[in-house]
Amino acid sequence: MKLVVAIVQDKDSNNLANALVKGNFKATKLASTGGFLKAGNTTFFIGTEDHKVDDVLTIIRDNCKNRDQLVAPISPMGGNADSYIPYPVNVKVGGATVFVLPVDQFERF
Ligand code: 2BA
């Protein structure tokens, strides 16, 4: 068995949740925050059999889009103006960041 951990943009989370239910996959959604943008995103935990991992990845790929996001300028720590970029920067935020982990044991009580 595997645990698929997928970090996706909030805008894609409803479509992804619906597609997973339609595909008969069980999933848990957590509200999360990206370390770089410090903006909300959504983390899915999807436990599934090894042979179904590719189906899960296909569903994630089909429902999560790349988007450009503007990052507001951040003042430099300690007042060093050399590294300060005074205008917003475009960052490409992925469709999804996915980790596939082995599961040693799975129980439902
Ligand atoms: P954030 O950390 O808010 O990152 C948002 C986007 O900013 C990233 O998109 C990437 O394009 C850019 N970015 C992140 N760190 C950067 C840095 N040090 N320098 C320049 N640009 C940077 P994605 O790579 O698609 O990541 C989307 C979200 O997925 C991330 O949000 C984070 O929540 C999660 N994530 C990505 N890689 C991860 C990892 N290795 N471990 C844990 N979470 C990860």
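We count ligands from 1, going down the list as the structure has it; atoms in each ligand are counted the same way.
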Please report which non-hydrogen protein atom sits nearest to [atom], along with the residue it belongs to and the distance in Å to one decimal place.
| atom | result |
| --- | --- |
| atom 43 (N) of ligand 1 | I7 CD1, 3.5 Å |
| atom 41 (N) of ligand 1 | F99 CZ, 3.5 Å |
| atom 23 (P) of ligand 1 | G94 N, 3.8 Å |
| atom 26 (O) of ligand 1 | T97 OG1, 3.7 Å |

Side chain proximity check, [X] to [Y], heavy atoms < 4.5 angstrom:
| X | Y | answer |
| --- | --- | --- |
| V4 | F44 | no |
| I46 | I60 | yes |
| L3 | F106 | no |
| K65 | V93 | no |
| Q9 | N41 | no |
| N14 | K29 | yes |

Test of proximity, [X] against ligand 1: N or O pairs below 3.5 Å:
| X | value |
| --- | --- |
| G35 | yes |
| F36 | yes |
| V91 | no |
| L37 | yes |
| N41 | yes |

key: Interfacing atoms of ligand 1 (cut-off 4.0 Å, heavy-atom, G34)   =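 Atoms satisfying the 4.0 Å criterion: 1 (P), 2 (O), 3 (O), 31 (O), 33 (O).
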query = Which bit of K92 is near ligand 1, meaning a heavy atom under 4.0 Å away: side chain, backbone, both or neither?
reply =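 Contact part for K92 vs ligand 1: backbone (N, CA, C, O).
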inquiry  = So which atom in C64 and which in V8 form the shortest heavy-atom distance, rounded to 0.1 Å?
reply    =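 Closest approach of C64 to V8, heavy atoms only: SG-CG1, 3.7 Å.
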inquiry  = Has N66 got a side-chain atom pairing as donor or acceptor with G95's backbone, closer than 3.5 angstrom?
reply    =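 It does hold such a pair.
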